[in-house]
Amino acid sequence: MKSKYINFIQDKNYEKLKAPAEAIKQGKLVLFPTETVYGIGADALNEEAVKKIYIAKGRASDNPLIVHIAKMEMLDRLVENVGNIEKILIKKFWPGPLTIVFKKKKIIPNIITGGLDTVAIRMPSNLVARKLIEYSNCPIAAPSANISGKPSGTIVEDIIDELDGKVEYVIDGGKVDIGVESTVIRVVNGIVHILRPGKITPEDIEKLNIPVHIEKQILGSYKEGEKVMSPGIKYKHYAPNTKCILVYSKENDKMVEKINSLAQNKKTVILCTSKNIEKYNSEIKLDMGQTLEEISQNIFTLLRKADKYKADLILIEGVEKTGLGLAIMNRLIRASAHEFIEI
Ligand code: AMP
Ligand code: MG
């Protein structure tokens, strides 16, 4: 059966969210927008409902989910203790794209945390997401809306084919604001460990005089059996079906030259910044935009679009790994399965 579709693009009537909120209460799944990417949500305290998320996505059972809340009272019900640094981060960045890992209370089913004794929590700023949580009166467990391994959904059109019928409701809020998933952090001995980079950057946190450690696996590859702070790091992610190569040089001309040489004699799709688009010889070029904000909004949808050309190769321009660039490069390195040329 097809999912019920709610258009929330032109007519922003929050009353329309009452039916999907009721579905959440009844243990069903709802696809909804957040400011980062679309999510597939279920009542976080209902084990059977959460199980459906893993089945819908084909997600590994040891890859834990983020729990979304709308009010601070919800946090106290779910976690053991909120430390001082976490309090500072919450005050500064919630509601918003920062996920914090806490010691969990028993009320959180193990299925959400992949058996860990911690739980990842975030308060989204997107009002559709917040109202849905409020109306259902449940914390909502929600991973990114995509089949596991594929690029995350930033517009409903990209994901409807793979998820239609697997959720009770689809709430279409148009294109999301940010386009990459939330920053995931955990505080250990007074240091903020970045487990996944996002819109809230290491620099944003350092500005609060809090020391930051960037987990090396963010940009490197995971080796079988290696200890990880964030289980998601172990899995293939964000990848189109077509082979991708990511290329970056601080010297723009060198990067363009390398991409042009790799594109020779092959059917290629090039994902590039606006300023370089005229410099490539390839027939198919997709414009990522120019600023890091534009690139982050566009990358997932362009990776999916690039796949449609059934080319031999997708070549992608990299960006500097600072600020939001760290999150963009984390996604692109993984999308290209670590085929990354830095010159
Ligand atoms: P997704 O929902 O697909 O955006 O992925 C959620 C991310 O949060 C994954 O990378 C998980 O590894 C990470 N995560 C969720 N819960 C925890 C936790 N308890 N400890 C560490 N990382 C977590
Ligand atoms: Mg995901």
Side-chain angles (χ1 to χ4, degrees), residues 29 31-42 44 50 53-54 56-69 75 78-81 86 97-105 107-122 124 126 129 139-154 158-159 162-163 176 178-188 192-200 213-215 217-219 222 226-240 296 299-300 303-304 327 330-335:
L29 303 186
L31 192 150
F32 67 100
T34 80
E35 68 276 24
T36 57
V37 297
Y38 275 81
I40 303 178
V50 174
I53 297 181
Y54 282 89
K57 281 190 58 118
R59 186 174 171 107
S61 60
D62 70 342
N63 191 1
L65 305 180
I66 294 171
V67 176
H68 296 72
I69 60 170
L75 183 67
L78 305 176
V79 309
E80 281 296 343
N81 175 45
E86 286 90 337
L98 180 75
T99 297
I100 305 179
V101 174
F102 298 93
K103 196 130 184 109
K104 82 176 192 76
K105 275 191 176 154
I107 190 174
I108 304 257
N110 285 332
I111 182 166
I112 286 192
T113 65
L116 299 173
D117 62 357
T118 52
V119 62
I121 310 232
R122 166 167 118 79
N126 179 295
I140 295 186
S144 53
N146 54 280
I147 296 293
S148 276
K150 297 278 139 222
S152 306
T154 50
D158 279 351
I159 44 179
E162 64 194 51
L163 295 172
V176 299
I178 297 174
V180 292
E181 304 85 343
S182 60
T183 307
V184 180
I185 67 109
R186 179 169 177 189
V187 181
V188 184
V192 169
H193 290 248
I194 309 260
L195 311 186
R196 175 175 74 185
K199 172 80 177 165
I200 307 294
H213 173 78
I214 302 172
E215 289 298 305
Q217 287 152 335
I218 281 179
L219 297 172
Y222 162 75
E226 198 176 28
K227 193 168 173 277
V228 287
M229 267 189 106
S230 182
I233 220 111
K234 292 193 289 192
Y235 296 102
K236 179 172 163 245
H237 227 140
Y238 320 119
S296 111
I299 47 171
F300 286 137
L303 285 168
R304 281 174 179 271
N330 165 264
R331 305 320 189 265
L332 290 179
I333 287 172
R334 310 187 102 222

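A quick note: this is a predicted structure, and the numbers were derived from the prediction, not measured. Each ligand, and each atom within it, is numbered from 1 in the order the structure gives.
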| message | For the 3.5 Å polar cut-off, considering only N or O atoms, please tell me whether Ser230 and ligand 1 meet it. | response | yes
| query | Is it true that Val101 lies under 4.0 Å from ligand 1, counting heavy atoms only? | reply | yes
| query | Does ligand 1 have an atom under 4.0 Å from some heavy atom of Arg59? | reply | yes
| field | Ion pair Lys103/Asp117, N-O distance below 4.0 Å | value | yes
| said: Could you check whether Arg122 pairs with Glu35 (Lys NZ or Arg NE/NH1/NH2 to Asp/Glu carboxylate O, under 4.0 Å)? | reply: yes
| request: May I ask you to list the protein N, O or S atoms found at less than 2.8 Å from the Mg ion (ligand 2)? | output: Ser144 OG
| request: Around atom 4 (O) of ligand 1, find the nearest protein heavy atom and jot down its residue, atom name and distance. | output: Arg196 NH1, 2.8 Å
| query | Can you tell me which residue and heavy atom of the protein come closest to atom 17 (C) of ligand 1, and the distance to 0.1 Å? | reply | Pro64 CG, 3.5 Å
| Derivation and outcome, side-chain hydrogen bond (donor to acceptor under 3.5 Å, both in side chains), residues Ser152 and Glu181 | CA-CA 8 Å; Ser152 306; Glu181 304 85 343; 2.5 Å; yes
Does only the side chain of [X] get under 4.0 Å from ligand 1, or the backbone, or both, or neither? Count heavy atoms.
{"X": "Met229", "result": "backbone"}
{"X": "Thr118", "result": "both"}
{"X": "Leu195", "result": "side chain"}

| Rounded to the nearest 0.5 Å, what separation is found between the CG atom of Leu29 and the CG atom of Leu163? | 10.0 Å
| field | Point-to-point distance, once rounded to the nearest 0.5 Å, from CG of Asp158 to CG of Asn146 | value | 10.5 Å
Which ligand 1 atoms, with their elements, are less than 4.0 angstrom from a heavy-atom of [X]?
{"X": "Asn63", "result": "9 (C), 11 (C), 12 (O)"}
{"X": "Leu116", "result": "18 (C), 19 (N), 20 (N)"}
{"X": "Pro143", "result": "2 (O)"}

| field | Closest approach of Val180 to Val37 (non-hydrogen atoms, all atoms of both residues) | value | C-CG1, 4.0 Å
Would you mind reporting whether [Y] and [X] have side-chain heavy atoms less than 4.5 Å apart?
{"X": "Ile111", "Y": "Tyr54", "result": "yes"}
{"X": "Arg196", "Y": "Arg331", "result": "yes"}
{"X": "Leu98", "Y": "Thr183", "result": "yes"}

| Those residues that, when tested against Tyr38, pass ring-ring contact (aromatic ring centres under 6.0 Å, His included) (two or more places apart) | none
| query | With no hydrogens and no angle check, do the side chains of Ser182 and Thr36 hold a donor and an acceptor under 3.5 Å apart? | reply | no
